Amino acid sequence: MEEARSNPPASSFAYRLRRDAGGVLDRLRPLWQRRLFRWSAILLGGFLLFCALFWLIFARGLPDAATLLEYEPPLPTIVRDINGQPVHSYARERRVQLQFSDYPPQLIHAYLAAEDKTFFDHHGVDFPGFAGAVLDYASKLGSGQRARGGSTITQQVAKNLLIGDEYSPTRKVKEMILAWRMENVLTKQQILELYLNQIFLGRNAYGVQAAARAYFDKDVADLKLHEMAYLSILPKGPANYRPESPTGHARAIERRNWALGEMVKNNWITPAQRDAAVAQPLGTVAAHGSGFDARAGGYYMEEVRRRLISLFGEKASDGPNSVYAGGLWVRSPYDPVVQESTKNALRGGLLRFDAGRGWSGPVGHIKIDDGWERELASSYIDVDYADWRVAVIVSRTSTDAQLGFADGSTGTLPASAAQSPYRKTGGPAFSAMKPGDLIVVARNGSNWALRSIPEVSGGMMVEEVHSGRIRAMQGGFDSRLSSYNRATQALRQPGSTIKPFVYAAALDSGMTPASIIVDGPLCVYQGAGLGQKCFRNFSGGSAGPQTMRWGVEQSRNLMTVRAASQTGMERVVRTIKGMGIGDYQPYLSFALGAGETTVERMVNAYAALANQGRQFPSRVMDYVQDRRGKVIWPERWRACDGCNMANWDGKPMPRFGFEGKQVMNPMTAYQVVHIAEGVVQRGTATVLADLKRPLFGKTGTTNGPTNVWFVGGSPDLVAGVYIGYDQPRSLGGWAQGGRIAAPIWKAAMAPILETMPKTPFIAPAGIRMVAIDRRSGKRVYGAWPTSEPKAAVIWEAFKPESEPRRTIRKEEAEEQAKVAATRAASRTRARTDSEFLSDQGGIY
């Protein structure tokens, strides 16, 4: 019995619970009979249930208003050029962020008058205005019409930044809740600053400063009262007040004058100020772009954008420093003068090569309907050359074609102005045209005439030797016709421009510029899979034993292959890889440029040669700052304290350590450059000799020929160019690097080099300059080299203890020169093309 009392069954607990609960109910039952208690309990329960449902439906999941304390609006990325001037922007929303103190008080009053007169009096919600909006909503329910707003500025900030623009009563309630919370977190000035920086005002302008530029081409501080009033009416619906349309213009005048009247009612301006502003015209300017020249940079700016995206991402969701929202400031080495010269030279070369080949065809096609203007504008196909324009064929008859342009204007193309043969059919170009084709035309009197975009293309780049900074880049005829950048993306065979690096490997292996190499037939067994490979010069001829210098200057394939074979292709491809040109297999054909590389890689490798073997990564950006000015790229960037001091303070001067990477023996690099100077003086690039300044370089022509190249430069700037079809095919048997690519290089670089001093290439420590016989490579005593390009005696660069030991007397050198002159004079008959090409060096 005692045990039963001390350990009651589990069911007894439930019994006690029911017993106790029953006791409570028994005590409450008399109270429940009282009407006041019963109604109070029902109301309390209903209120608690309402609060729970309200939280579940409206307040649950709302963002924290405190996040607005750290909110940063999307800002465009701005690129500055080598002079520090802004030249380009990447933006999907045109916006300039200002602080509250930057906005004129009269401008703030204009927005308060138009949007929220009691802004500084309410706590986020204007209840009388809200009640009026509710009644308006109820009266229009089911009509399909949108009710008037009633939102305060605080509510608009909550809508735009936190919850979106959904049209529903639910969103309005959420907006009110967030507005109330925001007023507890932010000051009125902070809320207004967010509003004035964020609000959309048409013409792709977000924020008042961007709108001031878009509509009046002014900053906010320079706006007049009537202009401020116009901008203040735009938040309700910019499309309703478009100044371009007569209806929109009339609405804008009426609404602007209403806003001025509201400012008078609130004592923010005087009636006299209102009357003066009302008398003013709207005064807006024509819609224009961001203020930057959209044509500036072209391929260069697209390359900057591509690299920025790889570093920081494209959209705001990719991180705080994204290209289209992060507000980055990019300092680039882009040089507008050098870029313009490079662009014009490459275009001129492409047009010269393509001239007389007929019409290349349409550059695109769109659907012809009532909205063809919009579709043409949205195609973003355009051309920036002379007075050329892209047009769409709207209709065509047997005598002429009606043209349409992106701005909505029209014109006529007579059939007589489009009679050049169409390359695909051979018939007249006019016969091949059809409505919807996008063509390129130029003004011809009152009508238009057909123009042809070159089918051949190419790329060119200019780089600083001592830093790797890219000053200019052109990746084709026009980036708006094709964004494919042939200077950085096109993989092409470099041909003979690879030879300096083959000979660099040979020089590192013990050869000298005066080493004798046989220019004769060479066949190599490359294994069971590849079989026997025989190499030849273009003409099939050979010149016998010659110096390495002569082989480079005359671009002799057989000598190059023999030097590579003697050096070992493993060492050759290792040298090529070390210069960043490409990673190739150790086959002899790669010594003649059979591998693939880009203009950027070749230019960077040649810049390392001119910099005595020290290489810098090629770059289109110097540094990148975030929206607050902090440098975020390069990662190890350090400011140079004291570099820009007006006067010396007596302390140690700033010193910079060595940068870049030593990728080649400095003496080897100088020997290669010294040899390549001869290519300009008396070799395959003599077209550059009349520039009369120290230059080095190498022409290149690949098998077919499918590509023609020239890469070279001065001690300070190196540039490279290639020409070829995007789908490689023969350029024609006459095409050579010295004939096509080198003149383009000259046209681009001549005006640039004219502004620079004539600096010679400086030999590194250890180099010995020795007088030798140019053709035999033997050392000469008693004779002094001259500046004559084809002098018998020249200075040659040798590493210590590698200069020739055998000598040749002055008399012998003079006798050999007489024999050579006699042979040249005896050639009375005209040389054949094959003989000329043989002398110039064959092509691969």
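This is a predicted model, so every value here is computed, not measured. These values consider heavy atoms only, across backbone and side chains, with no hydrogens, waters or symmetry-generated copies.
Applying the salt bridge (charged side-chain N to carboxylate O under 4.0 Å, His left out) test to every pair with at least one member in residues 333-359, sequence neighbours left out, gives these pairs: Asp335-Arg471, Glu340-Lys343, Lys343-Asp384, Arg347-Asp478, Asp354-Arg423. Pairs passing the salt bridge (charged side-chain N to carboxylate O under 4.0 Å, His left out) check and including a residue from residues 426-442, sequence neighbours excluded, read Lys434-Asp437.
The two atoms that bring Ala719 and Val603 nearest to each other are C-CG2, 4.0 Å, heavy atoms only. Of all the heavy atoms in Thr699 and Ser496, the pair that sits closest is O-CB, 3.4 Å.
The side chain to side chain donor-acceptor pair (under 3.5 Å) search around Asn447 returns none, not counting sequence neighbours. Gln339 is linked by a side chain to side chain donor-acceptor pair (under 3.5 Å) to Gln474, counting only residues two or more places apart in sequence or in another chain. The ring-ring contact (aromatic ring centres under 6.0 Å, His included) test applied to Tyr385 returns Trp388, Phe477, not counting sequence neighbours. Residues forming a side chain to side chain donor-acceptor pair (under 3.5 Å) with Ser452 (at least two apart in sequence, or on another chain): Ser360.
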Yes or no on side-chain contact (heavy atoms from CB on, under 4.5 Å) for Trp359 and Leu450, after CA distance, side-chain angles and deciding distance? CA-CA 9 Å; Trp359 184 50; Leu450 184 65; 3.6 Å; yes
Working note: Tyr584 + Ile576, criterion side-chain contact (heavy atoms from CB on, under 4.5 Å); need CA distance, chi angles, decisive distance, verdict. CA-CA 8 Å; Tyr584 307 137; Ile576 293 173; 3.7 Å; yes
Criterion side-chain contact (heavy atoms from CB on, under 4.5 Å) on Thr686 and Leu688, from CA distance to verdict: CA-CA 5 Å; Thr686 53; Leu688 307 178; over 6 Å; no
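Side chains of Glu303 and Thr488: a donor-acceptor N/O pair is present below 3.5 angstrom, by distance only. When only modelled atom types and interatomic distance are considered, Ser483 and Ser479 share no side-chain donor-acceptor pair under 3.5 Å. Side chains of Asp716 and Ser714: a donor-acceptor N/O pair is absent below 3.5 angstrom, by distance only. When only modelled atom types and interatomic distance are considered, Asn604 and Gln615 share a side-chain donor-acceptor pair under 3.5 Å. Using a 3.5 Å distance cut-off with no hydrogens or angles, the side chains of Glu464 and Ser467 do pair a donor with an acceptor. For the residue pair Asn204 / Arg94, no side-chain donor-acceptor distance below 3.5 Å is found, with atom types taken as modelled.
Note on ring orientation: taking the six-membered ring where Trp is involved, the planes of Phe353 and Tyr725 are perpendicular (angle over 60°, cut-offs 30° and 60°). Ring geometry for Phe710 versus Trp745: interplanar angle over 60°, hence perpendicular rather than tilted (30 to 60°).
Stacking of Arg739 on the aromatic ring of Trp734 is not recorded, the 6.0 Å distance cut-off and the 45° axial limit not both being met. With a 6.0 Å cutoff to the six-membered ring centre and a 45° limit on the axis angle, Arg92 counts as a cation-pi contact of Tyr324.
With respect to Arg389 and Asp382, no salt bridge is recorded, no charged nitrogen being found less than 4.0 Å from a carboxylate O. A salt bridge is absent between Glu754 and Arg693; no separation between the charged side-chain nitrogens and carboxylate oxygens falls under 4.0 Å. Ionic pairing of Arg682 and Glu677 is not present here: no N-O contact between side-chain nitrogen and carboxylate oxygen is shorter than 4.0 angstrom.
Side-chain contact between Met621 and Leu311 is present, with at least one heavy-atom pair separated by less than 4.5 Å. Val383 places none of its side-chain heavy atoms less than 4.5 Å from the side chain of Val363. A 4.5 Å side-chain heavy-atom check between Glu314 and Ser322 finds every atom pair outside the cut-off.
Once rounded to the nearest 0.5 Å, the distance linking CG of Leu731 with CD1 of Ile740 reads 6.0 Å. Expressed to the nearest 0.5 Å, how far OG1 of Thr284 lies from CG of Asp217 amounts to 11.5 Å.
Note: Tyr484 and Tyr299 fail the aromatic proximity criterion, with ring centroids not under 6.0 Å apart.
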